Each structure stands twice: as structure tokens, then as C-alpha cells.
Amino acid sequence: MEEPYSLEVDGSTIAGNAEPDTALLWLLREHGRTGTRYGCGAGLCGACTVWMDGVPTHSCDTPAWSATGRTITTVQGLAESGPHPVQRALIDHQAGQCGYCLSGIVMRAAALVDEYGSSLQEEQVREALEGHLCRCGAHPRMIAAILQAASEQS
Amino acid sequence: MTPSLQDNPLLSQWLEFHTDGTVTALTGKSELGQGVATALAQIVADELGIPLDRVRMQAPSTDRSPNEGFTAGSLSIQHSGTALQSAARAARHLLEEAARGRGVDPLETIGEVNLDVPVASVTVAADTTLPSRDIGRSVPRRDLDAKVLGEPAFIHDMRLPGMKFCRVIRPPYRGAHLVEVPDATGLPGDSTVIRDGSFLAVVASLERHAIAAHAMLVERCRWEGEAPELEDAHLTAFLLSAPTEDTVLVESEILEAPGSADALTFSAQYSRPFVAHASIGTACAIAQWTTDRLDVWSHTQGVYPLRKDIARALGVDIERVHVQHVEGSGCYGHNPADDVAYDAALVARHLPDVPIQVTWSREDELGWSPFGPAMCVTISATTDSAGTITSWRWDGYGNGHSSRPSTLPTPSLLAYASQADGQPIPPSQDPPLAAGQGTGRNALPAYDIPHVHAVAHRLTTMPMRASAMRSLGAYTNVFAIESHMDDMAHAHGIDPIDYRLRHLTDPRARRVIESVAELADWGVAVGDNSGRGIGFARYKNSGAWCAVIADIEAIDHIVVKHLWIAVDCGRVVNPDGVINQIEGGAIQAASWTLMEQVRFADGVVTSSDWETYPILRFPDVPPVATTIVSADDEPWLGSGEASSGPTAAALGNAVRAALGVRVRDLPLTAERIVVAMAE
Ligand code: FES
Ligand code: FES
């Protein structure tokens, strides 16, 4: 049975009717947040990562009911008041090829840089990104970009 | 003349000038994440002598673009780049002629100049080339910012008015036919079921409804049929016993050691399994039928060949089919981009006027895509007592490396094999030797060897669908050749790099090997359980030269500690773009080499998620140092596939150096290493 839902996404409210176990990913995409992407639907690739109350979360295996009452930020929301330092650094380093993996990686890395700032170490970046797959092999550039963004923080 | 200009001779097929001073460059080559659109724009800007931001790139479409076949074989810069260079040079000449003596900007004469002339008919003096401003510069990619910022960038993000979403229900195993039409009651929202023979799909206004309906329908279908018997465990025996069509690539009457008593023979067999494209985004397409036309939006590598196969499969006039390229997730060869485009076209035929977007599931992407063909290679070589190679025989076995649209006798689109009046996909072919071959790509060593004999044995049966994947047969062949070279060097007590250089007179080959040796400080001691190996090849024996050195450590699995790469791809349009392609190709090849293997039995691919088909992850990706060996006066060559084979070879040789064991069957997993040790 579909039920009404109402979610706080990127500073505004999205609402409608859906099965309560519908994955957050599809509701986001339905409401124009196509920057959040489908890769596997099983929590195994990281492409769909968003923030829930600031914590990186797979939107593909997060049911709508569990996102209710939480603050959701997508990659589009992150960039709303100007690009995040991680986004600027990724562009600086031309860190990507097809870029399909990037929005998930941006969300994970932005949280990491915000949390650790200039104390962030390479090993931490590699470990934190373990659940994010990139098939194009742009990993070394991404690591370099994230570390640069971190080093510019206080 | 580049084949692109032969097929599309008119200047107006390549360039469009606008009154606001901008220029649109047309190309048949797709942006696949490799940065080709940026590099082509650099070429056009340089030749026209205008700022880069005044060049707009038009994505390939059958309505407007030159027909350049496929975006494949690392040929986009050689073909499209050279054609655009000539066209821009010719256009500048015509405009300058028109403006001569009038004190006006040549671009202002655009209305007066006829561009419907063959590029080749415009004679441009050789000394009028402008100094390079953009070629050779690491210009940032045009498409990357949007992707980093999460803006709509992919076909998955495209929304057309009234568009509906679709999912396809694939058979549970290869060879299955749909015998019972599933009951459509109780499906969510406005879900509509479309059936054509054994092709079954569901369409809904909301994507989540299509997904939920798909899951319900999977449970309700009944299938029957006979699955092919092959399973991954018996792959090599199958490759060596299946019926083949043989092509002698080069012939030598001397096949064995030339008689002398102290000659040595080295014989070995190498293999690799089926490998998946495994893009992070899945295949996606949109199609819309209106009364007199079918529009298709696709991340295909070839808008024209796809158009032809769609028209053949649907039995409609080709002029009615219009294909437009839109970017998808990373493309490394013949992935399901064309298949999903046909899924969409087939469904859209049942729902006139409604744009239909089909997206594949992860399971189907890893399970139903064409795979990079499994291969088995045998090499038998002889040396004299000093180690000099005297003869070389290569035999390669496997499916052909291309079943791309429009290249086979009947359409090679997945759903065509399921639809009511369809036919199975024929076994894949290999391109001719002049076009780089497939099974036999890079089968001939780049070394100076007096007697070489090579025969490609292409399978004429195809239980698992196989087609082009980055570097085709070159990956396995270079792995085999370079493993063999190392073993021969070792047997003769000669350093592997010296051994290669002794057999190389080509100065550019020598230079990349010497450069990578210097970059990696070859000869430096490595730690316990660690090893260092080299791999080298000239891609297709006609493209870029590339040498790779790998450092590995063998713990409970192989850990790559570092990769060093030297590449010579002639004149470089965008150095950072080349490095990105070379690095990416090496990391992807490291992943294939260390861990990748499609698993299947009874017609079912069981490696259909990221746990059963693992790829290299962030913690295991090595640092990569790449140097471009400059050759600015030489013609430009592609770089996307040059590092794949050399990386595999360097890793295999590093494992041998670390553990003293030669692993000839890929991937280099702990399991395979243990088997090789026991032998
Ligand atoms: S789509 Fe969510 S983790 Fe892959
Ligand atoms: S850049 Fe293509 S998947 Fe990461």
C-alpha cells in the first residue's frame, strides 16, 4: 500500500505517495535529484551516496520510511551555495573520466574533509572510499584531489 | 587520406560557422569519458586560429554527423582529429582568401564562402600552418565540471515530456523461452506489460513502479528451454577443442629450432577467462516512435551502425531511424549500450508517441552484456645458445572479438534474439589484419625475430556472447609474449630489460623501455616476498609504444605497490588527457589481471553483482607514475588501449620475480598461484 511521505531534501520538502519501503534513491530522482545515481541498488558501489543528517548513506538501500524526519543532502544540494572544496579540487585535478562514480565519491569525500580537515591522511581516504567503485581507474587523481582539499582546510 | 575524410569528403560535413563567431565541429566519435570532445576542439581551435571557447562540439547523430563508424581501436584522434584538422585548415584558407585585401576578419566572410566543397579540393600551402596554441596543452575537460557538481550529464538523467520508464525481464538462463504470459494484475501504478516472443518488458510512469513490477513479473513467468552446457571451470579445454576457422597471420617455413644441437625450445600455454565491462552505471537508452520516425538516444559507440541494426531488426526503412549520442557511464568496448537502445526501440513501437527510457539492472549488466572473449594462447619459441631468438610460433584460440551492430550477417542486438521473428546472434568475427585483427591483435612480437608463424583460431560457436573489450586480443597476447620473453631471459641468465633491448632495433621501442627503466630505477633491490616486472608492446604493432614496470608484494593475495609507465603516442594533443587514459587503462588492466573472471554454469552467469565480480578498490589501487616520451614531430596516435597488455605482463613478471613461479592462467589469484606452484 502506498502511503504519504514527506522528506527534507537540500533545504526543501519533497512529498507524495509511495510504498514505505521504496528506496530513497528513486524518490530523489523522481524529484529532480538526478545527480544521485543508480549503480547497483544493493549498497555495493557507492554511486547513490547522499548525506542523512550529515552522514554518508547509500540511498539505494535506504527505505523512504527511515529517511523521514532526517535532513537529506544530495550532491546537488552540496553545490548549491558554490562548489564544496572537494568538488573544486576534483575539477582542479581533472579527477575523473566518465564521471559516473563521482557524485557518490564527492559526498563521501566531502564528509571526510569536513570532519578531519588538514589532518586527513591518505590511508584514511583509501579506507573511507573502499565501498566506492570506479571502473575508469581515476582513483589516484581522486585521492590526490581529496588530500589537497583537506590540506587547504584549517 | 584518413578514412573519415574518404567517407565524408565535404567541408560542410565537418564544420559549421555561425554569425556570432563560434564554430561547431562535427564528429562521428562519441565522448565515452575518454575526453575526445575536448581534444578534437583543441585541434579545430588551433587550425582555425580562434580561441578554444569559440569551438562547440556536436555529439554524434545520424541527422548531422559524419559517418565514422565506431569510436574504437584508439583511432579517434587519428581518424576524426586528422579529418577535422584538414577541414579546419581548408576552411581557414577559403575564408582568408575571401577576406584578402578587404581589411575584414576572415570569419566575417562566412556568408560568402561555399563550404559544400571537398576538403581535398582546397590546396593549402604547407607553410601556412599556425603556431600551436592549444594542441599540446593540458586543457581541462569540457564535460567534467557538470559531473563533479551532480548536474544532468548522462542519458540516465534525461527527461522528455511524457517519458515513461521501462525494465526488461530477461530469461533465467541462456536458451530459455517464455512459455507462459505472466498475469499483469496487481502491478503497481500504471504498469503495462509488453511482450514480443520471449522479450518481456514493463513500462510505468514512475521508475519505482517499473522496478517493483519487474520484480513481481520475474516471479510470475514460466520459461523452458535448453541451456548451453559450458561452465567456466572447463573453459580452456573448450577453447582448444571447439570448431574453428583458422587465419594464418604470418607464415614461416621454419617452425622449429634450426637444427643446432645447443638450441633451446620454450613452449607454453596461456589463458584468460571471460571478462566483464563492468561499468559503474548500467546501460540506458530512450526511444520514441511517432508516425513517420523512430528517435533513439543512446550511449552507443557508433550511431550509424546502431541505426542500421535497429532498422534491420525492426524491418523498417533505415531513413526512418534517427540515433543521437548522449553520454553514458564509462565505455571500454562493446557493452550493452546498443542492446538497451534496441530494447527501448522495441518497446516504443508498442507505445506510439511515448518516449521510453530503459535502464538495465546491475544483475543484467554483469550477466547479459557481451563479454571480453576468453582466450587461450600457445607459444613455442627457439633460441640459440647465446639466447638470441631464432623462431617463434603463436596460436590463439577463442571467439572473435567483435559482434558489434551492423558487422554480422544478422542483427547482433540482444532482444532481437528473443523477439517473435528474431534470430540468435551469430558468432562474433575478428576484424581483418589490416584493421588490427582481434584474436591475433599483437600476436606478432615487436621484437626482431627471423622466423615468425602465427595462426588465429576463431571459434565458430559462441555459447557465451563475446565482443570487443578494450585492446581486444592484445591484452592476452602481450601478457603471453612478455611472460615468454622473461622466461627465456631468465633461462639464459640475462636481465629482462637487456634481453628485450637485444631484440629491438626500433628506436621508439627502445626509448620507452629505457625511459620506464629510468623512471622506476630498474635494478634497485626490492623487499621480501616482493618482485618487479616489466611489460612492453606497441599497440596493434602500429599504434602507441608503451612500457610498464610493476612492483608487487605477495601477501595472501597480490598487492600492487607501484606502477611506472612510459608511453610514446606521437604528437600529443592533450598531455593530461593522455596520462589520464594511460593510467586508467593500467589500473583497469591491473584489476582484470589480479581478480576478474566471469563465472557461469548451465547458461547462468553467477558473477552478477559486485561481490561475485569484484574489481580493484581504492585501498588496493597503486600509485601510478607516467611519463610521455615526446615525439612532437610524429603523427598522433591513440592512447586508450596502449597500457592494458603491458600492465598485465609487468604484473605476471613481477609475480615470477617475487615467488619464482610462472602463472600462465589469468587472473593472478592466490588460487591460481597455488596451482602454478604445484605444477
Ligand atoms: S547504487 Fe547504491 S550502492 Fe550501488
Ligand atoms: S570516472 Fe568512470 S567510473 Fe569513475
Side-chain angles (χ1 to χ4, degrees), chain A residues 2 18-19 22-23 26-27 29-30 32-42 44-47 74-79 83 86-88 90-92 94-104 106-107 123 125-143, chain B residues 32-35 138 140-141 143-154 156-159 188 206-208 211-212 277-282 327-332 359 361-362 576-577 580-581 583-591 609-611 615-624:
Chain A
E2 297 204 342
E19 293 281 344
T22 301
W26 301 112
L27 297 179
R29 292 185 63 83
E30 205 170 297
R33 291 339 186 263
T34 53
T36 303
R37 301 202 157 93
Y38 167 78
C40 69
L44 295 172
C45 76
T74 75
V75 65
Q76 287 154 276
L78 190 70
V86 160
Q87 289 172 308
R88 269 189 271 124
L90 287 165
I91 292 169
D92 244 29
Q94 292 287 290
Q97 288 184 29
C98 79
Y100 196 91
C101 63
L102 274 173
S103 36
V106 162
M107 296 312 284
E123 277 319 297
V125 176
R126 287 173 174 273
E127 290 307 321
L129 287 173
E130 168 150 41
H132 290 261
L133 301 180
C134 172
R135 184 55 159 172
C136 295
H139 312 69
R141 286 166 180 246
M142 293 179 189
I143 295 168
Chain B
L32 307 172
Q34 83 283 44
S138 289
R141 283 258 299 275
D143 53 324
L144 199 64
D145 294 27
K147 294 166 178 177
V148 171
L149 298 174
E151 290 165 6
F154 301 102
H156 313 71
D157 309 334
M158 216 174 129
R159 298 289 179 263
L206 296 179
E207 195 157 20
R208 59 185 153 95
I211 294 167
H277 293 272
S279 297
I280 303 308
T282 60
E327 280 187 63
S329 184
C331 169
Y332 324 103
T359 304
S361 66
R362 169 54 47 198
D576 190 60
N580 210 353
Q581 280 295 293
E583 274 180 12
I587 290 169
Q588 188 176 85
S591 182
D609 64 24
W610 292 120
E611 276 170 346
I615 64 172
L616 206 63
R617 289 170 181 268
F618 269 95
D620 292 322
V621 166
V624 185

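In what follows, chains are A, B, ... by sequence order, proteins preceding strands, each numbered from 1. Everything numeric in this text was worked out from a predicted model, so none of it was measured.
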**Message:** Main chain of A/Q97, side chain of B/Q34: is a donor-acceptor contact present, judged purely on distance under 3.5 Å?
**Reply:** no
I'd like to verify something: which residue of [options] has the highest number of heavy-atom pairs under 4.5 Å with chain B?
| options | result |
| --- | --- |
| A/C136, A/G35, A/P140 | A/C136 |
| A/C98, A/A95, A/G137 | A/C98 |
| A/C101, A/G96, A/S103 | A/G96 |
| A/H132, A/E127, A/R37 | A/R37 |
| A/L102, A/V75, A/L129 | A/L129 |
| A/Q76, A/E123, A/R88 | A/Q76 |

**Prompt:** Does B/D157 come within less than 4.0 Å of A/R29, counting only side-chain N to carboxylate O?
**Reply:** yes
**Prompt:** Can you check whether A/M142 reaches B/V621 side chain to side chain, under 4.5 Å on heavy atoms?
**Reply:** no
**Asked** Are any non-hydrogen side-chain atoms of B/Y332 and B/S279 less than 4.5 angstrom apart?
**Response** yes
If you compare all heavy atoms of [X] against all heavy atoms of [Y], which two are closest, and at what distance to 0.1 Å?
| X | Y | value |
| --- | --- | --- |
| A/R135 | B/S591 | NH1-OG, 3.8 Å |
| A/G39 | A/C45 | CA-SG, 3.7 Å |
| B/A278 | B/W610 | O-CH2, 3.4 Å |

Residue among [options] with most heavy-atom pairs under 4.5 Å to chain A:
| options | value |
| --- | --- |
| B/D143, B/N580, B/L32 | B/N580 |
| B/H156, B/E327, B/Q581 | B/H156 |
| B/T359, B/I615, B/T282 | B/I615 |

**Prompt:** Who are the side-chain contact (heavy atoms from CB on, under 4.5 Å) partners of B/L206, not counting sequence neighbours?
**Reply:** A/E30, B/R208, B/H209
Please classify the contact of [X] with chain A as side chain, backbone, both or neither, using a heavy-atom distance under 4.5 Å.
| X | answer |
| --- | --- |
| B/S361 | both |
| B/L616 | backbone |
| B/E151 | backbone |
| B/P622 | backbone |

**Asked** For A/Y38, which residues count as a ring pair (Phe, Tyr, Trp, His ring centres under 6.0 Å) partner, sequence neighbours excluded?
**Response** A/W26
**Complete:** Cut-off 4.5 Å, heavy atoms of chain B, and the answer for A/L78 is neither
